[in-house]
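Below is one structure, written out as structure tokens; comments come after it.
Below, chains carry the letters A, B, ... as their sequence lines are ordered, and counting in each starts from 1.
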There are 2 protein chains.
Amino acid sequence: MDAKPTKTKFHFQISASSGVPIYRQIMDQIKIQIATQPWDPEQFLPSVRQIAEDLAINPMTVSKAYSLLEKEGVLEFDRGKGMRVKKISSSQKNFGERQKDVTPLLKEVIVKAHQLALKREDIFSLLEKLWREHPHEK
Amino acid sequence: MDAKPTKTKFHFQISASSGVPIYRQIMDQIKIQIATQPWDPEQFLPSVRQIAEDLAINPMTVSKAYSLLEKEGVLEFDRGKGMRVKKISSSQKNFGERQKDVTPLLKEVIVKAHQLALKREDIFSLLEKLWREHPHEK
DNA sequence: ATCTGTGTATTATTATTGTAATACACATGG
DNA sequence: CCATGTGTATTACAATAATAATACACAGAT
């Protein structure tokens, strides 16, 4: 192998004290980074050992995050190569199914809004604002 | 006490196999029922022993749900009487704080939308639709 | 005071979960 | 074939979480 360091777009900041399990922090950060950065379709994510070393944790913990994300359809595994971001899953599920997937989360929003005495317009404008601020490439 | 059965608006359907802890199922169902039904401000929720008997579980499990909801500001406890729905918390937190409370959930929505290749308009119209279908009293 | 109704603190037990150690299977390139 | 690169199955262990048993404190009515 040549000495050129793998140009790794992904990196991680783990909080041991947050109470959130490490593998889940990794999953969340990968999802967020996928959603907020442009990525090279050919680019592999850092290897489990790479991340494990960086974070001083066990490789199996990273592996758990990776395989769960693979099961979720977010990443795909190339034998002997590594993990990379799976090309968008829009083709795999039809519109109705994807709507159905996100519905529970939206219901949660409605219940929480009620709890906090926030009106529908309040939620909509906040969501609108967050979406504008959200880095989106394409 | 007279024989008139406490006209209990709340009731619960617990699934032992869902993987979700019982106390959390109770919490969620209380929140949903508060959000989707009109409630009498004077009305007490069923007692811990009542619910525990109905569901054939331990009263402490119900107590856990109740005290967590109290800590969240959803219920309030009257010594010797029982729990009831706390009058809306809008006065306790200002608008900005409540916005901040709901923000993480909305960010989750955005990330998930991206994952599912759903456009902003898709999410907005779905949320709009769910909100219309959502029973709301006042 | 006593009886019966609230919810709960404390403790114990059981089940589940998060992390880690080890060894392995497969792919690639020398 | 062997060295080195992927991720993972298996197993073990420690920590945490969920549930339950018991006993308690307070309120209201008798």
Side-chain angles (χ1 to χ4, degrees), chain A residues 1-6 8 10 12 14-28 30 42-86, chain B residues 1-6 8 10 12 14-28 30 42-86:
Chain A
M1 284 301 113
D2 62 1
K4 175 172 51 176
T6 309
T8 288
F10 291 86
F12 305 94
I14 294 314
S15 158
S17 61
S18 76
V20 182
I22 300 173
Y23 78 93
R24 194 151 283 282
Q25 295 186 45
I26 295 174
M27 289 178 69
D28 292 346
I30 289 176
E42 303 305 310
Q43 173 78 43
F44 288 95
L45 276 77
S47 76
V48 291
R49 287 171 184 80
Q50 175 72 57
I51 297 180
E53 190 183 0
D54 291 353
L55 304 179
I57 58 176
N58 191 285
M60 281 309 298
T61 301
V62 183
S63 170
K64 182 169 188 174
Y66 273 11
S67 41
L68 286 176
L69 287 174
E70 190 189 17
K71 199 175 296 179
E72 284 187 13
V74 175
L75 301 182
E76 65 187 348
F77 176 42
D78 266 22
R79 281 219 160 278
K81 302 275 193 58
M83 302 294 271
R84 54 183 160 189
V85 178
K86 193 169 178 179
Chain B
M1 285 300 112
D2 60 2
K4 177 172 55 178
T6 310
T8 288
F10 291 86
F12 305 94
I14 294 314
S15 158
S17 61
S18 77
V20 182
I22 299 173
Y23 78 93
R24 194 151 281 283
Q25 293 186 46
I26 294 174
M27 291 178 68
D28 291 346
I30 288 176
E42 302 306 312
Q43 172 79 43
F44 288 96
L45 277 75
S47 76
V48 292
R49 287 172 184 81
Q50 175 72 55
I51 297 180
E53 190 184 359
D54 290 355
L55 304 179
I57 58 175
N58 192 285
M60 281 308 298
T61 303
V62 183
S63 170
K64 182 169 187 175
Y66 273 11
S67 42
L68 286 175
L69 286 174
E70 189 189 17
K71 199 174 296 177
E72 284 186 14
V74 175
L75 301 181
E76 66 186 348
F77 176 42
D78 265 22
R79 281 221 160 277
K81 301 277 194 60
M83 304 295 271
R84 54 183 161 191
V85 178
K86 192 169 180 180

Distance, rounded to the nearest Å, where [X] contributes [atom1] and [N] contributes [atom2]:
X        : N       : atom1 : atom2 : result
Ile14(B) : dA18(D) : CD1   : P     : 14 Å
Asp78(A) : dT8(D)  : CG    : P     : 12 Å
Lys86(B) : dG7(C)  : NZ    : P     : 17 Å
Glu53(A) : dT6(D)  : CD    : C1'   : 16 Å
Ile51(B) : dG7(C)  : CD1   : C1'   : 12 Å
Phe44(B) : dA27(D) : CZ    : P     : 14 Å
Lys81(A) : dT8(D)  : NZ    : P     : 16 Å
Ile30(B) : dG7(C)  : CD1   : C1'   : 13 Å

Which nucleotide in [options] has an atom nearest any side-chain atom of [X]:
X        : options                   : answer
Asn58(A) : dA20(C), dG7(C), dA21(D)  : dA20(C)
Phe77(B) : dT6(C), dG7(D), dA20(D)   : dT6(C)
Tyr23(B) : dA20(D), dA18(D), dA20(C) : dA18(D)

Hey, are Ser18(B) and Gln25(B) close enough side-chain-wise for a donor-acceptor pair under 3.5 Å?
yes
For DNA chain C, what residues of residues 60-72 of chain B have any heavy atom nearer than 4.0 Å?
Met60(B), Ser63(B), Tyr66(B), Ser67(B), Glu70(B)
Using a 4.5 Å cut-off on heavy atoms from C-beta on, say whether the side chain of [Y] contacts that of [X].
X        : Y        : result
Val85(B) : Leu45(B) : yes
Leu55(A) : Ile26(A) : yes
Asp54(B) : Ile51(B) : no

Using the closest heavy atom to pick a nucleotide of DNA chain C for each, name whichever of Val20(A) or Arg49(A) lands nearer the 5' end.
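The residue mapped nearer the 5' terminus is Val20(A).
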Please figure out whether Arg79(A) or Arg24(A) has its closest DNA chain C nucleotide nearer the 5' end.
Arg24(A)
N/O donor to acceptor pairs below 3.5 angstrom from side-chain atoms of residues 72-81 of chain A, sequence neighbours left out:
{"residue": "Glu72(A)", "atom": "OE1", "partner": "Lys31(A)", "partner atom": "NZ", "Å": "3.0"}
{"residue": "Asp78(A)", "atom": "OD2", "partner": "Arg84(A)", "partner atom": "NH2", "Å": "2.7"}

State, to 0.1 Å, how close Ala65(B) and Tyr23(B) come at their nearest heavy-atom pair, and which atoms those are.
CB-O, 3.5 Å
Please check if the side chain of Ser67(A) supplies one atom and the backbone of Ser63(A) the other of a donor-acceptor pair under 3.5 Å.
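A pair under 3.5 Å: yes.
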